[in-house]
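Okay, structure first, notes after.
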Protein chains: 2
Amino acid sequence: MTRVGGRGGSPAAPRSVDVARLAGVSQKTVSRVFNGERYVSDEVRRRVLEAAEELGYRMNNAARALASGRSRTIGVVTLGTALYGPATLLIGVERAARDAGYALRVVNTLEGDPGGVAGAVESLLEQGVDGIVVSEPIDEGSVSLSVDVPVLVLGAPAVFGGSRTVAAGVGAEPLARAATEHLLDLGHVTVHHLAGPQGWFAARDRLGGWRAALSARGREQPPVIEGDWSAESGYAAGREFASAGDVTAVFAANDDMAIGLIRALTEAGLRVPGDVSVVGFDDVPVAAYVTPPLTTMRQPFDAVANDGIRLLVQAIEKPDAEPAPAHDPPVELVVRASTAPPPTRKTPARGRRTASGSSGSAHSPPGGDSRPPLTEPTVN
Amino acid sequence: MTRVGGRGGSPAAPRSVDVARLAGVSQKTVSRVFNGERYVSDEVRRRVLEAAEELGYRMNNAARALASGRSRTIGVVTLGTALYGPATLLIGVERAARDAGYALRVVNTLEGDPGGVAGAVESLLEQGVDGIVVSEPIDEGSVSLSVDVPVLVLGAPAVFGGSRTVAAGVGAEPLARAATEHLLDLGHVTVHHLAGPQGWFAARDRLGGWRAALSARGREQPPVIEGDWSAESGYAAGREFASAGDVTAVFAANDDMAIGLIRALTEAGLRVPGDVSVVGFDDVPVAAYVTPPLTTMRQPFDAVANDGIRLLVQAIEKPDAEPAPAHDPPVELVVRASTAPPPTRKTPARGRRTASGSSGSAHSPPGGDSRPPLTEPTVN
DNA sequence: CGCAGTCATGACAGCGCAGTCATACAGCTG
DNA sequence: CAGCTGTATGACTGCGCTGTCATGACTGCG
C-alpha cells in the first residue's frame, strides 16, 4: 500500500494534502474550497484552485462518502427494456438528478425475475445511495421494503413500504380516460381496449381510465385483450379483433401495440380509420409517420422525471419539510389520422380480406392516410 | 458524528465490527468472509453469515473502495436519447457488467454539448470508477483524454487517447455494405443513401459501407441526404428524394428515418417497394409491423455489449494479458416487404401526387405490403 | 480601551473497510 | 521430535476525506 506508482504505472493520483502543500494551506482548507464552504478568503481559494489545476487534482468520492456519510448518488431501478417510456424516463431522471448535483447508479431488473426489485434495491443500498428511484415497477405483490433512504416510485402508487416513499407520474388514468373519450366523442358506440401486461401499474392505470370513460357514459365494456407492449402482441390482438367482427374503435395501451394492431387490421381488409379507429399511447417519435399517422396520447415524461427528482432530493436533503405535491401533468391528445367517426353502414365484407391496399374512398372520412402528419399536439 | 441513531432515526447501520463481535471473531475475518477469501473455516464462515443475517449487515462500499482502491464500478457515458440503438446497448452493457460483478454509473452527454464527453468522463473519474464505457460517441475532434483507467469505446474506433483503450462494435461498415448490396442484387442501378448525422461514427460507418458497396460494382454515388436519425428528418429527406424523380432504392441509416422516408414517398404517390425500395438499419421492434414491413439490418447489440464488457473487465483485472480481439458480429439482413426489384418501365407520373393510396397493382412485385410480416432473419 | 462577535484557518480524530504482518496450531517429513 | 509447510485467525494500520473544535486576526461598539 505504498503510494507513488505501483509497478511503473502512473504516479499515483494527487490527494488533497498534495494540493494543500503546494498551495501552502492546510488540507482542511482544500476541502473547504472544493465544497464551496464559507469562510475561505478569495486569495486562498485562488491559490488552492491553481494548485489543484497544476496537479490535476480530482476529489476522491469514496473517501468523501465515507467521511460524510453521503454519496450524492441516486440509485435507479429500471426495467431492462428499450421501451420508449422507460427509456425516456431514465434519460429525464438522469438529467434532473445531475442538475440537482447527484450522480446515478443504475440497476436493471429483468422482467419475470422474482423479487427482482427487492434484490436491485438491496444492491443499490450496498452501494451507498442517498435515495432510490423505482421506475415503472411491476407489481410483485406489494414488495414492502424496509429501506432507510427515501424512495421515489415513478409510474406507480407509493406501494413500497417505509414512510419516506414519494411517488410521481401516477396520473395516467385521466390520460387513458381522455383517449377513450376521444373515440366516444367521435360517435363510437363503445371502445375496445388492447391492454398492457397487467403486472405493470402503467397498464392498469390505462385499463382503469378506459373503464372509467365507458362507465361514465353507461357504455358496455367489451372483453379486454392483454398484450405485452410489443408490436408483435398488438398484431396478434389485431387478428382477434378483426375476426370478432364488431369492433369499430380500439384504445391501445401503447403505440407499439397500436402499430401491430393496425397492421393486423389492415391485412384483414379493414381500413384504419375507415372501419376501425385506433388510439395509441406515448406518442413515440415515429407515431406521426406510420400509416396512418397515429392518434395518440403524449406522456409528459420529462415533467414526471423532474417532479419526481425534485421530490426525492427534497426528501433526502430536508427530510422534515412538507412534501410538495406533484403537479398534475397536462393531457395532450395528439389527433392524427388513425381515428375517425364509425362507419355509417353496418360494415359489409368485414373480417374477410379484400384487395390489398385501399381502393376508392366509399366512406373514407377526413383524416385519411394521405394527410401530412400532424405534429402539433392538441392540448386539452 | 456519534453513532446510534441521530435524532430518533433508525439505529445506525451495523458495521463489520458489529458482526464480528456477535460472531465472536475479528473484524478482519468478517471482511474475509464477505470477500470470499481463502483460509476461513466453514464453521467460522457459517457463524459470520448468521450474525450478519441477524443484524441485517450490508457492506459499506465507500469504505471498501477507499481501502482497496477499487470500486467495482464501471462508468458509462451515453447520449441522452431514447434511440433504439443506444438504449439497447445500455441495457446490454448493464447486464454484462452486472454479470461480471460490476455496478454501473451512468452519465448522459447531451448532443451538441461541447466537450460533453470529456466532462462526463471527468465526472466519472471523480466518482472513482474502475473503467469507462463510451457508448456511440459523437466525434468532437478527437478528444484525447488522458485517463488512467481502461476505456471501452462502443460503436467507434478507439479514438480516445491512452494505451488502455479498447473498442468493440466497430463492424457496422460490413453491415451497411451488405444492406446496399441487397438492393443492388435486386437489380437497382444505384442506391441512394439517407445518412445519419455525420458527427456520429455509427453514421459514418454506414455511409462508408454504402460507398464501398457502390464502388465495388463501379456504380455512381448519388448525392447523400443527411438526417438526424429521426423519422421527421426521414420524412423531409423523402420529399427531396420524391421530387428528384430518379430514385429507385434508398438505404436509410436507421429504421426511424426509413419510416419517415416511406411515409413521404407514399404521400408523393410513389409505392414502396413498387417504385422505390427502402432498406433500414437496426431492426427496431416495430419494423416488422409498419407498412410495408421494413427490410432492415439487424444489429447485434447484445453481442457488442458482451464483447465490450468482457474486454473492459479484462483490461481492468488483468492489465497485462493479451487483449483478446472482439468477435466479428454476424450479418443479419432481415428481408421483409419494403424491397423489390426496380420498376421495369421508365416510371411515369413520378414525383407528382396521384390519387391517395395505391390503386391497381400494375408492376407490383412479390413482397407487396400485404404479406404477413416476416420475423425470421436471414443469416448470411 | 476592552470585550463580544464575525471571519478565516488549522489540528485532530474517525468514517468502515482491506492490506500487511504476526501468530498459532495441524499435519508432514526424515 | 526438530524443522517444515500449509491453514486459520487476529492486531494494527491507513485509504482520503469531512466534522468538530480550537485558535487567531480583525471588526465594531459601549
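Because only heavy atoms are used, hydrogens play no part in the values below, and waters and symmetry mates are left out as well, while side chains stay in. First the proteins, then the strands, lettered A, B, ... as listed; each starts at 1.
Rounded to an integer number of Å, the gap from CG of Asn61(A) to C1' of dC15(C) is 15 Å. Following rounding to the nearest Å, Arg58(A) (CZ) and dC17(D) (P) show an atom-to-atom distance of 12 Å. Between the P atom of dC15(C) and the CG atom of Asp18(B) lies a distance of 11 Å, rounded to the nearest Å. In this structure, CG of Leu66(A) is placed 16 Å from P of dG14(D), rounded to the nearest angstrom.
Applying the side-chain contact (heavy atoms from CB on, under 4.5 Å) rule to Asn108(A) yields the partners Thr78(A), Val106(A), Ile91(B), Glu94(B), Arg98(B); only residues at least two apart in sequence or on another chain are considered. By the salt bridge (Lys or Arg N to Asp or Glu O under 4.0 Å) test, Glu50(A) pairs with Arg46(A), sequence neighbours left out. Residues satisfying the salt bridge (Lys or Arg N to Asp or Glu O under 4.0 Å) test with Glu53(A), not counting sequence neighbours, are none. Applying the salt bridge (Lys or Arg N to Asp or Glu O under 4.0 Å) criterion to Arg95(A), with sequence neighbours excluded, gives Asp99(A), Asp302(A). Under the rule for a salt bridge (Lys or Arg N to Asp or Glu O under 4.0 Å), Arg45(A) has no partner lying at least two apart in sequence or in another chain. Residues that satisfy the side-chain contact (heavy atoms from CB on, under 4.5 Å) test with Ala303(B), not counting sequence neighbours, are Pro300(B). Scored by the ring-ring contact (aromatic ring centres under 6.0 Å, His included) test, Tyr102(B) finds no partners at all (sequence neighbours excluded).
Applying the ring pair (Phe, Tyr, Trp, His ring centres under 6.0 Å) test to residues at least two apart or on different chains, none of the pairs has a partner in residues 63-82 of chain B.
Applying the 4.0 Å criterion to OP1 and OP2 of dT9(D), one finds that Ser26(B) has every side-chain N and O outside that range. Distances shown here put a side-chain N or O of Arg15(B) below 4.0 Å from the OP1 or OP2 atom of dG16(C).
Checked by distance alone, Gln27(B) brings a side-chain donor or acceptor within 3.5 Å of a matching partner on the base of dA18(C).
Near DNA chain C, defined here as any heavy-atom distance below 4.0 Å, the residues from residues 33-53 of chain B are Asn35(B), listed numerically.
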Watson-Crick and G-U pairing of DNA chain D written in dot-bracket, each distance under 3.5 angstrom, with | for inter-strand partners: ||||||||||||||||||||||||||||||

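Candidate nucleotides dG16(D), dT20(C), dC17(C) were compared by shortest atom distance to the side chain of Lys28(B), and dT20(C) ranks first. Taking only side-chain atoms of Tyr57(B), from C-beta outward, the nucleotide of dG19(D), dC17(C), dG16(D) with the closest atom is dC17(C).
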Donor-acceptor contacts under 3.5 Å from residues 118-126 of chain A side chains, at least two apart:
| unit_1 | atom_1 | unit_2 | atom_2 | d |
| --- | --- | --- | --- | --- |
| Glu122(A) | OE2 | Arg58(B) | NE | 2.9 |
| Ser123(A) | OG | Ala120(A) | O | 3.0 |

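Backbone-only engagement by Val25(A) is indicated by non-hydrogen atom pairs under 4.0 Å involving sugar-phosphate atoms exclusively. Counting any heavy atom pair closer than 4.0 Å across all strands shown, Ser31(A) reaches a base atom.
In terms of modelled atom types and a separation under 3.5 Å, the side chain of Arg47(B) and the main chain of Ala23(B) share a donor-acceptor contact.
In summary, the side chains of Ser31(A) and Arg64(A) do not present any donor paired with an acceptor at a separation below 3.5 Å, with no hydrogens or angles considered.
Taking the nucleotide of DNA chain C with the nearest heavy atom to each of Val30(A) and Ala63(B), the more 5' of the two is matched to Val30(A).
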Reading 5' to 3' through nucleotides 21-28 of chain C, protein heavy-atom contacts under 4.0 Å coded B for base, S for sugar-phosphate only, - for none: --------

